[in-house]
Amino acid sequence: MKSKKLTEADVTAESVFMLQRRQVLKMLGISATAMTLAPTAQADLLSWFKGNDRPPAPSGKPLEFSRPAEWQSQLALTPEDKVTRYNNYYEFGLDKADPAANAGSLKTDPWTLTIDGEVAKPLTLDHDALTKRFPLEQRIYRMRCVEAWSMVVPWIGFPLHKLLALVEPTSDAKYVAFKTIFSPEQMPGQKDRFIGGGLSYPYVEGLRLDEAMHPLTLLTTGVYGKALPPQNGAPIRLTVPWKYGFKGIKSIVSIKLTRERPPCTWNLAAPAEYGFFANVNPHVDHPRWSQATERFIGSGGVLDVKRQPTLLFNGYADQVASLYHGLNLRENF
Ligand SMILES: Nc1nc2c(c(=O)[nH]1)N[C@H]1C(S)=C(S)[C@@H](COP(=O)(O)O)O[C@H]1N2
Ligand SMILES: [Mo]
């Protein structure tokens, strides 16, 4: 880190923000004059960040769900403790361990999810409706982060197209825009640039309507048989298995059908590095690292690093390649 202050120029990649906790503390420590934080606010942040003594979220309640054969898999699963303890959720800090340590206090019930915009029948769903309005299915999906690690995860949820059918998109609806809850009181990363990695909040994402309607696209309310823990995006998050993980926006409060392509958080932060489509593609490298292979996070210990080839569309090419017929995937990354 050359300068003591993060600037816009530092907002270039997820890996840039993988600062060690002590580096961030150091930055907070030296920032008393550099930053315009009131002394009490800074003390609050320091005590928050030293935390990891906050109570962990209570385990999610067991869900009722089916296991449709077409969505199960013979792939080895990433163990539950890794799925729920190795996370990206910058609203709660930049370290992979931060979300599990810090998201437990996020209040996810009551919750309101609003679906509106270019629709004939806008809808709001409360917390109970999220798991009761549509039958839940377990779907075992590969999950590939743009940082070149991957997991195989047994998600539980319902296909987004069922919800979209209910609200009846108008003929002007071309895209679907998603938004994470904005609650700086509960999310230290939204309150402070250092903790939140310099992203702008609330986190937003978007899909083309045909991508949103695809049978693989899931609104996810659970994992490993139980309601999602907060660090994985409770009470409801998006899962688009053929795209990089950052498209999978967490803790959604708004779904809006739009005419124009909606803004996306990582694309806004670094448009040359994170495209709107973000389809997993071994042939289109990130400007600063190769996407040809990935580190699979399985049941082994830290030394058991399994490198495997990245698959086009993350292994779902036979199901989704037709969505991109005639599109130059190198230009539209
Ligand atoms: N609101 C919000 N959603 C988010 C993120 C985030 O920082 N904030 N991180 C994204 C990234 S980069 C990844 S890889 C996945 C990680 O999901 P997981 O922690 O459940 O594996 O969430 C995505 N959704
Ligand atoms: Mo990611």
Side-chain angles (χ1 to χ4, degrees), residues 11 13-18 57 60 77-103 106 108 141-157 177-184 186-190 195-207 218-224 226-255 263-270 273-275 278 280 286 289 291 294-297 310 314:
V11 184
E14 289 181 276
S15 60
V16 168
F17 308 120
M18 296 303 146
L77 300 184
T78 299
E80 182 175 1
D81 66 315
K82 295 199 175 145
V83 173
T84 60
R85 277 165 208 290
Y86 186 92
N87 301 100
N88 276 333
Y89 199 163
Y90 278 17
E91 287 88 333
F92 294 103
L94 312 183
D95 244 48
K96 292 291 184 277
D98 285 341
N102 301 324
L106 179 67
T108 58
Y141 281 163
R142 298 170 198 271
M143 133 90 168
R144 172 62 155 79
C145 177
V146 73
E147 298 164 324
W149 52 265
S150 70
M151 297 185 177
V152 172
V153 184
W155 301 114
I156 293 162
F178 304 84
K179 200 191 297 182
T180 293
I181 187 173
F182 186 65
S183 179
Q186 299 187 87
M187 296 175 145
Q190 291 184 340
I195 292 173
L199 298 179
S200 57
Y201 294 104
Y203 196 101
V204 289
E205 257 303 337
L207 296 171
L218 198 69
L219 278 174
T220 303
T221 57
V223 69
Y224 266 103
K226 294 166 295 216
L228 281 179
Q231 61 268 29
N232 291 95
I236 189 160
R237 59 92 58 85
L238 184 68
T239 306
V240 194
W242 71 94
K243 293 178 180 285
Y244 291 120
F246 66 83
K247 298 295 286 184
I249 181 172
K250 295 179 169 179
S251 307
I252 302 168
V253 291
S254 165
I255 299 179
C264 303
T265 290
W266 276 102
N267 179 248
L268 288 172
E273 305 194 8
Y274 309 100
V280 176
H286 186 278
W289 60 84
Q291 295 291 25
E294 62 197 31
R295 179 172 58 92
F296 176 69
I297 300 179
T310 300
N314 206 24

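If you read the sequence from its start, that first residue is 1, and numbering goes on from there. Note that ligands are numbered from 1 as they come in the structure, with each ligand's atoms numbered from 1 the same way. Nothing here was measured: the structure is a model prediction, and the numbers come from that model.
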Close N or O approach (Y86, ligand 1; < 3.5 Å): no
Ligand 1 atoms in contact with R237 (distance to a heavy atom under 4.0 Å): 15 (C), 17 (O), 20 (O), 22 (O)
Atoms of ligand 1, numbered as shown, that sit under 4.0 Å from any heavy atom of N232: 18 (P), 20 (O)
Spacing of OG1 belonging to T220 relative to CD1 belonging to I156, to within rounding of 0.5 Å: 9.5 Å
Ligand-residue contact atoms, ligand 1 with N88, heavy atoms, under 4.0 Å: 5 (C), 9 (N), 11 (C), 12 (S), 13 (C), 14 (S), 16 (C), 19 (O), 22 (O)
Interatomic spacing from CG in N102 to CD in Q231 - rounded to 0.5 Å: 10.0 Å
Note: K226-E80 ion pair, threshold 4.0 Å (strictly below): yes
Check: W149 ring centre within less than 6.0 Å of Y86 ring centre: yes
Pairing residues for R237 by the salt bridge (charged side-chain N to carboxylate O under 4.0 Å, His left out) criterion, not counting sequence neighbours: none
Per-atom contacts, ligand 1 versus T180 - under 4.0 Å to a heavy atom: 1 (N)
Min heavy-atom dist G248 to ligand 1 below 4.0 Å: yes
Check against side chain to side chain donor-acceptor pair (under 3.5 Å), Y89 and S251: CA-CA 10 Å; Y89 199 163; S251 307; 2.6 Å; yes
Donor-acceptor contact below 3.5 Å, side chain S254 vs main chain F178: no
Residue portion contacting ligand 1 (non-hydrogen atoms closer than 4.0 Å) for Y89: both
W155-ligand 1 polar pair, N/O distance under 3.5 Å: no
Numbering as shown, the atoms of ligand 1 that approach C145 to under 4.0 Å (heavy-atom distance): 14 (S)
Within-cut-off N or O pair, V83 and ligand 1, under 3.5 Å: no
Heteroatom proximity flag, K250 to ligand 1, N/O under 3.5 Å: yes
Separation of K179 NZ from Y203 OH (nearest 0.5 Å): 15.5 Å
Min N/O separation Y90 to ligand 1 under 3.5 Å: yes
Carboxylate-amine/guanidinium proximity below 4.0 Å for E147 and K96: yes
Atoms of ligand 1, numbered as shown, that sit under 4.0 Å from any heavy atom of M143: 14 (S), 16 (C), 17 (O), 21 (O)
Options E91, M151, K96, ranked by nearest heavy atom to atom 8 (N) of ligand 1, top entry: E91
